[in-house]
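Structure record follows, encoded as structure tokens.
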2 protein chains.
Amino acid sequence: MAAMTILVADDDKEIRDGIEIYLKNEGYRVLKAADGREALDLLGKEEVHLLILDIMMPNMDGITATFKIREAQNVPIIMLSAKVEESDKIHGLSVGADDYVSKPFQPMELMARVKSQLRRYVQLGTYDGGTTLEIDGLVLDEEAKTVTLEGAPVKLTPTEFKITELLMKHPGRVFSINEIYERVWNEEAYNAENIVAVHIRKIREKIEADPKNPRYIKVVWGVGYKIEK
Amino acid sequence: MAAMTILVADDDKEIRDGIEIYLKNEGYRVLKAADGREALDLLGKEEVHLLILDIMMPNMDGITATFKIREAQNVPIIMLSAKVEESDKIHGLSVGADDYVSKPFQPMELMARVKSQLRRYVQLGTYDGGTTLEIDGLVLDEEAKTVTLEGAPVKLTPTEFKITELLMKHPGRVFSINEIYERVWNEEAYNAENIVAVHIRKIREKIEADPKNPRYIKVVWGVGYKIEK
DNA sequence: ACACATCTTAAGAATTTCTTCATATTTTCC
DNA sequence: GGAAAATATGAAGAAATTCTTAAGATGTGT
């Protein structure tokens, strides 16, 4: 397998360089960033297979960065933090990070976690490029963020777009309301029923000729919503 | 999504039961084992989606168990340990565990990690539960939550679907009424006879041409129900 | 600061599903 | 064949889930 690329983002240069040494030693290619903004920029230009993000960084902290990254990518993220508080761990994990290591850490522990995450990641293959999805006359362009129905443009709000995108990416699969909420909003679902229901209705108003008998977004009673294959 | 099953192995009964309460509260089905050997036995009989293994257990420790499990399965494993030593963490992770929590732990942290691992497991498709089951013209799609009979769609309610799913997942095996109740409702069976019988009847109405002489769901007098292989 | 679009919250209505109970039928065993 | 146990059925009220409407909150750009 070609060398995996790992992006290390930490404002402390010593830590960046230290981690780099260990990673290179394991045969990985390493990119470095001093803050979240830099990390995002690099991520746009290079193919990265795993990120190690410090939580506290100038410009953009690790949690915000994770949030942004998760909007587009599914790459494994390991968070670093000096804080030992549990609340941070939970926050990091629920925001979309895949693992969490608190400073100071044993380099070998970090290496073990990198391997663990990478093993997972590789097994699936890679992520999906932003193409267009089409289902029975409904076309969604992930790059242009547009939707057309039988050729006619449909104007969806960002949230509506994300929900539609999620459902169209997995046609036929049923998503529970909580799952929709967690994957679109990127946070714990709490009392999400109403919120999701309202958005579903708005989407239906826009893409369904007869919202009472929806052609695309169907409800599976007691389970969730889906778009037919 | 059908309830995920989590296997908790710890030699301390209090910890097992404590974790169980939190997990059930989140809607998971919970199996318990007092040592590694028991855990492996259960794993052979039941479908498990995630394991929480204590490192120090009689008969077979968590690390050995992880090693054995990894020979056959790729299910997420979270390790528990009273030791705080880094060496254990590394050992645990490199042996094949997916995450590590040291005792004493905050229950909420453990829950966050369970969710995180499970989300990953499901999302990466490592989880093969999204397939279809078929028995003699009766097809059940676990992802789409649909059932077809000789190609014609059959509309089942959530409870009916879960019962059918359970029986079809283990064709030929007889499930007692109590077992059906406990696995579908995820709670203690108390006076469950009637309720299960009513649902069985409704399912038969929908999938049996002649409910009097059922082709799929057969009763084993005095024992329970099964679907023929 | 203002106008505009979007998101969230709340509450009741509409719908679907679950449970209960009474009664009927079938099977087993003596 | 008859009694006891187990399962099957029908219908109605209870419960849960989703839908709808509308108003208030939040955010964005000018």
Side-chain angles (χ1 to χ4, degrees), chain A residues 64 67 71 145 147 154-164 167 174-182 184-208 210-214 216-227, chain B residues 1 27 145-147 154-165 167 174-227:
Chain A
T64 309
F67 193 76
E71 288 175 1
K145 306 284 180 200
V147 173
V154 176
K155 203 185 160 204
L156 295 186
T157 69
T159 305
E160 289 161 12
F161 184 87
K162 283 184 203 156
I163 293 174
T164 311
L167 295 180
V174 180
F175 289 86
S176 75
I177 285 180
N178 277 2
E179 203 174 352
I180 291 174
Y181 190 87
E182 281 172 7
V184 168
W185 276 258
N186 257 318
E187 58 191 50
E188 277 287 310
Y190 174 69
N191 264 10
E193 282 79 19
N194 260 294
I195 290 182
V196 174
V198 170
H199 285 288
I200 291 284
R201 174 179 157 271
K202 299 240 171 192
I203 298 170
R204 279 180 172 158
E205 273 178 1
K206 294 177 181 176
I207 69 173
E208 301 283 1
D210 178 9
K212 296 278 180 186
N213 286 59
Y216 298 107
I217 301 187
K218 309 219 167 160
V219 61
V220 180
W221 256 88
V223 186
Y225 299 94
K226 70 172 170 180
I227 282 191
Chain B
M1 188 185 320
K145 307 285 180 197
T146 58
V147 172
V154 177
K155 205 184 158 206
L156 297 185
T157 69
T159 304
E160 290 161 13
F161 184 88
K162 283 183 204 154
I163 293 174
T164 310
E165 184 182 19
L167 295 180
V174 181
F175 288 87
S176 76
I177 285 180
N178 276 1
E179 199 174 355
I180 291 175
Y181 189 87
E182 280 171 8
R183 295 186 61 159
V184 168
W185 276 257
N186 208 22
E187 56 190 53
E188 280 286 311
Y190 173 70
N191 264 11
E193 283 78 19
N194 254 293
I195 241 178
V196 173
V198 169
H199 285 288
I200 292 283
R201 176 193 149 244
K202 299 241 173 192
I203 297 170
R204 280 179 171 157
E205 268 178 5
K206 294 177 180 176
I207 68 172
E208 301 284 1
D210 177 9
K212 296 281 179 184
N213 285 58
R215 174 176 160 201
Y216 298 108
I217 300 186
K218 309 218 166 162
V219 60
V220 180
W221 206 269
V223 186
Y225 299 93
K226 70 170 171 179
I227 281 191

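Note that this is a predicted model, so its numbers are computed, not measured. Values below: every heavy atom of this structure, side chains too, minus hydrogens, waters and symmetry copies. Below, chain A is the first sequence line, B the second, and so on; all start at residue 1.
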Counting C-beta onward and ignoring hydrogens, is there a side-chain heavy-atom pair between [X] and [Y] closer than 4.5 Å?
X: A:Lys206; Y: A:Thr157; value: yes
X: A:Lys226; Y: B:Thr146; value: yes
X: A:Ile200; Y: A:Ile177; value: no
X: B:Glu187; Y: B:Tyr181; value: yes
X: A:Val223; Y: B:Phe161; value: no
X: A:Ile163; Y: A:Tyr225; value: no

Looking only at side-chain N and O atoms, does [X] come under 4.0 Å of OP1 or OP2 in [N]?
X: B:Arg204; N: D:dT9; answer: no
X: A:Trp185; N: C:dT8; answer: yes
X: A:Tyr225; N: D:dC19; answer: yes

What is the distance from atom [atom1] of [X] to atom [atom2] of [Y], rounded to the nearest 0.5 Å?
X: B:Arg204; Y: B:Glu160; atom1: CZ; atom2: CD; result: 13.0 Å
X: A:Ile195; Y: A:Glu193; atom1: CD1; atom2: CD; result: 9.5 Å
X: B:His199; Y: B:Leu156; atom1: NE2; atom2: CG; result: 12.0 Å

So which nucleotide from D:dC19, C:dC7, C:dC18 ends up closest to the side chain of B:Thr157?
C:dC18

B:Pro158 has a side chain; which of C:dC18, D:dC19, D:dT9 sits nearest to it?
C:dC18

Any N/O pairs under 3.5 Å between the protein and nucleotides 26-30 of chain D? List them or say none.
none

Between [X] ([atom1]) and [N] ([atom2]), how many Å, whole number?
X: B:Glu193; N: C:dC21; atom1: CD; atom2: P; result: 14 Å
X: A:Glu208; N: D:dT20; atom1: CD; atom2: P; result: 11 Å
X: B:Ile203; N: C:dT17; atom1: CD1; atom2: C1'; result: 13 Å
X: B:Ile163; N: C:dT17; atom1: CD1; atom2: P; result: 14 Å
X: A:His199; N: D:dC19; atom1: NE2; atom2: C1'; result: 15 Å
X: B:Lys218; N: C:dT27; atom1: NZ; atom2: P; result: 13 Å
X: A:Ile195; N: D:dT18; atom1: CD1; atom2: P; result: 15 Å
X: A:Ile200; N: C:dT15; atom1: CD1; atom2: P; result: 19 Å

Please work out if B:Phe161 contacts a base, only the sugar-phosphate, or nothing of the nucleic acid, heavy-atom cut-off 4.0 Å.
nothing

Would you mind classifying the nucleic acid contact of A:Pro211 as base, sugar-phosphate or nothing, using non-hydrogen atoms under 4.0 angstrom?
nothing

Any sub-3.5 Å donor-acceptor pair from B:Glu208's side-chain atoms to B:Arg215's backbone N or O?
yes

Between A:Lys206 and A:Asn191, which has a closest nucleotide on DNA chain C that is more 5'?
A:Lys206

Write out a two-atom table: protein N or O, nucleotide N or O from nucleotides 10-17 of chain D, distance below 3.5 Å.
{"from": "D:dG10", "atom 1": "OP2", "to": "B:Arg201", "atom 2": "NH2", "distance (Å)": "3.2"}

